Amino acid sequence: MTRTEQLTKGSEVVRRPGRWLALAVLVLAVLLVAVDATVLGLATPFLSEDLRPTGTQLLWIGDVYSFVIAGLLVSMGSLGDRIGRKKLLLTGAAAFGAVSVLNAYATTPELMIVARALLGVAGATLMPSTLALIRNLFHDPRERSLAIGVWGAMASAGAAVGPVVGGFLLEHFWWGSVFLINLPVMVVLVVVGIKFIPESKNPAPGPWDLLSVALSLVGMIGVVYAVKEAAAHGLRLDMAVAAVIGVGALTWFVRRQLRLEAPVLDMRLFHHRGFSGAVLADLLTILGLSGLVFFLSQFLQLVQGRQPLEAGLAELPAAIGAVTAGLIAGTVARRFTVRSVVSGGLAGVGLALAALTLLDRSTGYPMLGASLLVVGVGAGFAFTVTADVILSSVPREQAGAASAVSETAYELGAALGIALLGSVVTGVYSDFATPDGVPAGTAVAAHQSLGGAVEASAGLPDATATALVTAAQDAFVEGLRIAAGVGAVVLLATAVAAWFLLRGQKLAEGVEHP
């Protein structure tokens with residue numbers, strides 16, 4: 001048999017039948033996790049009216065899901081490498097569906113917090129497992145690039161579809177319905193996944209170090225909690241303590257990984273310049289974007305007066321751009337270079353954010369929609385190619401841990417972005433001048449948030465109420481413009497850094513043989 005025949009035969013073996021159907025099942029999980037991350041924001045007012053949580057309880061209901069996911073991603077990625085990624089994915093999917101029911105029918109704030117935390121545990125098993133399974137399903141690098149593009153496209157689509165689906169459900173059903181949509185999708189995932197998703201794991205994984213798992217969980221939760229709370233409430237002693245504990249735990253975690261024969265996370269992965277550059281680019285990009293996206297929904301609803309469903313639809317250009325770019329990113333990166341596609345995408349996002357510094361209360365939708373489209377296209381190119389670089393930089397046996405690092409960068413970047421850019425918006429907003437005739441108590445409530453100002457104005461005379469809401473909206477938009485400017489600087493700086501860090505990086509070409 002000739003060498004060409006051997007390669008052809010090997011290629012037929014590794015191009016597993018049913019791999020595209022398996023991919024379709026995997027992206028169902030991605031879609032739901034992304035939807036679940038965005039849908040709660042719309043349901044919060046209805047949930048608050050029903051469960052009557054305190055302000056602190058409401059913050060925990062909103063944040064505990066992301067806290068737990070951020071803390072467990074690395075550990076769950078490593079666990080999948082050890083016990084089998086398919087096994088972890090299907091177990092997590094079943095748990096995600098079951099816990100979604102608990103969320104939907106929670107009767108007290110305390111039960112809701114617990115249910116959201118458990119949903120975070122289940123969610124942490126899904127994202128790294130799906131990306132790692134793609135690494136092992138597709139041994140042809142060109143097919144894998146397309147599969148990663150589909151994976152990223154569904155994550156982007158889920159983030160955009162969340163507000164649309166949530167808005168529709170909340171206009172027709174009770175708030176628990178936003179969780180029950182998870183159940184039928186997870187049933188399909190488990191039933192079809194049992195048959196079509198192949199198992200894969202590290203053949204010589206070593207033991208799962210529970211102390212490392214605990215250190216990772218405590219470290220990430222401590223850091224993310226401190227950053228988020230400091231942005232929302234200013235510096236306090238408990239936040240400083242959380243930050244010290246978090247940084248200390250992460251430092252101990254890194255040192256322990258360097259000593260262990262079978263670490264939960266092989267720190268040597270970061271010696272690969274492409275891997276480190278891609279992870280850093282993802283973290284900084286999400287940091288620059290997330291704060292703006294977080295406040296953009298409030299701009300559309302509370303400043304421009306759009307209904308939740310209309311606001312969700314208004315953000316769709318970003319998803320359309322991301323989906324389109326993600327599907328062709330691998331081809332474009334091979335036609336040109338990895339660093340030109342990533343840097344160009346990030347520069348495009350930065351310029352779109354710079355355009356949003358011109359926003360005002362009366363800005364028409366064409367300008368806003370065009371900016372969101374450019375953001376989506378740039379992010380779609382950048383995130384798809386960096387995910388491909390991250391997966392291609394590591395052996396298949398470590399795909400779960402590498403995927404988890406990528407996802408952790410997203411979560412940490414989102415937490416830092418909302419905290420840092422959120423503090424910019426909040427700081428500018430809270431300094432607006434109170435119009436004459438507004439009682440002191442009402443003024444205090446109005447300075448807490450834009451939603452608080454709109455609510456507080458309800459009991460005032462029409463002229464005074466209009467003056468208060470207008471002043472609050474102007475201050476909010478000013479803060480949003482400054483945050484967009486900061487985000488633009490971060491994205492443009494990241495584009496320059498990616499140009500140097502990803503120098504010489506190429507997407508794989510030859511078919512891999514197991």
Side-chain angles (χ1 to χ4, degrees), residues 25-72 76 88-127 129-130 154-155 157-193 294 297 301 307-309 311-312 411 451:
V25 175
L26 291 176
V27 298
L28 281 177
V30 176
L31 188 67
L32 274 192
V33 172
V35 166
D36 204 79
T38 56
V39 77
L40 184 67
L42 292 173
T44 297
F46 303 92
L47 182 153
S48 300
E49 185 177 344
D50 193 8
L51 301 184
R52 300 192 179 282
T54 65
T56 300
Q57 288 173 330
L58 189 61
L59 284 174
W60 277 105
I61 289 171
D63 289 340
V64 71
Y65 176 77
S66 60
F67 285 165
V68 173
I69 282 186
L72 286 177
M76 289 300 181
L88 183 65
L89 175 72
L90 297 183
T91 302
F96 199 90
V99 177
S100 293
V101 177
L102 182 61
N103 277 262
Y105 291 100
T107 54
T108 65
E110 293 81 6
L111 181 58
M112 189 68 189
I113 292 170
V114 172
R116 289 289 291 170
L118 292 174
L119 201 64
V121 175
T125 69
L126 299 179
M127 295 298 275
S129 296
T130 56
M154 288 304 99
V161 166
V164 177
V165 172
F168 174 80
L169 290 173
L170 292 169
E171 288 180 12
H172 295 86
F173 305 100
W174 103 112
W175 60 264
S177 63
V178 302
F179 296 106
L180 291 183
I181 59 172
N182 298 337
L183 196 56
V185 179
M186 287 303 177
V187 170
V188 171
L189 193 160
V190 172
V191 172
V192 180
F294 180 77
S297 294
Q301 293 180 68
Q307 295 300 310
L309 180 57
E411 291 294 331

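Since the model is a prediction, treat every value here as computed from it, not as a measurement. Just so you know, residue 1 is the first one in the sequence shown, and it goes up from there.
Nearest heavy atoms, Ala104 versus Gly176: CB-O, 3.3 Å. Nearest heavy atoms, Val190 versus Ala93: CG2-CB, 3.9 Å. Taking all atoms of both residues into account, the shortest heavy-atom contact from Leu72 to Ala124 is CB-CB, 3.8 Å. Considering all non-hydrogen atoms of both residues, Gly92 and Ala122 come closest at O-CB, 3.7 Å.
Interatomic distance, CG of Asn182 versus CZ of Phe96, reported as 5.0 Å (0.5 Å rounding). Atom CZ of residue Phe179 and atom CG of residue Leu102 lie 10.0 Å apart, to the nearest 0.5 angstrom. The CD1 atom of Ile113 lies 11.5 Å from the CG atom of Asn103; values are rounded to the nearest 0.5 Å.
For the pair Leu189 and Leu90, the minimum side-chain heavy-atom distance is below 4.5 Å. In this structure, Thr107 and Met112 have side chains that are not in contact, with every pair of non-hydrogen atoms separated by 4.5 Å or more. Side-chain contact between Leu180 and Ser100: absent, with no pair of heavy atoms (C-beta onward) separated by less than 4.5 Å.
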Kindly determine whether Val101 and Leu183 satisfy side chain to side chain contact (heavy atoms under 4.5 Å, CB included), including the steps that lead there. CA-CA 8 Å; Val101 177; Leu183 196 56; 3.8 Å; yes
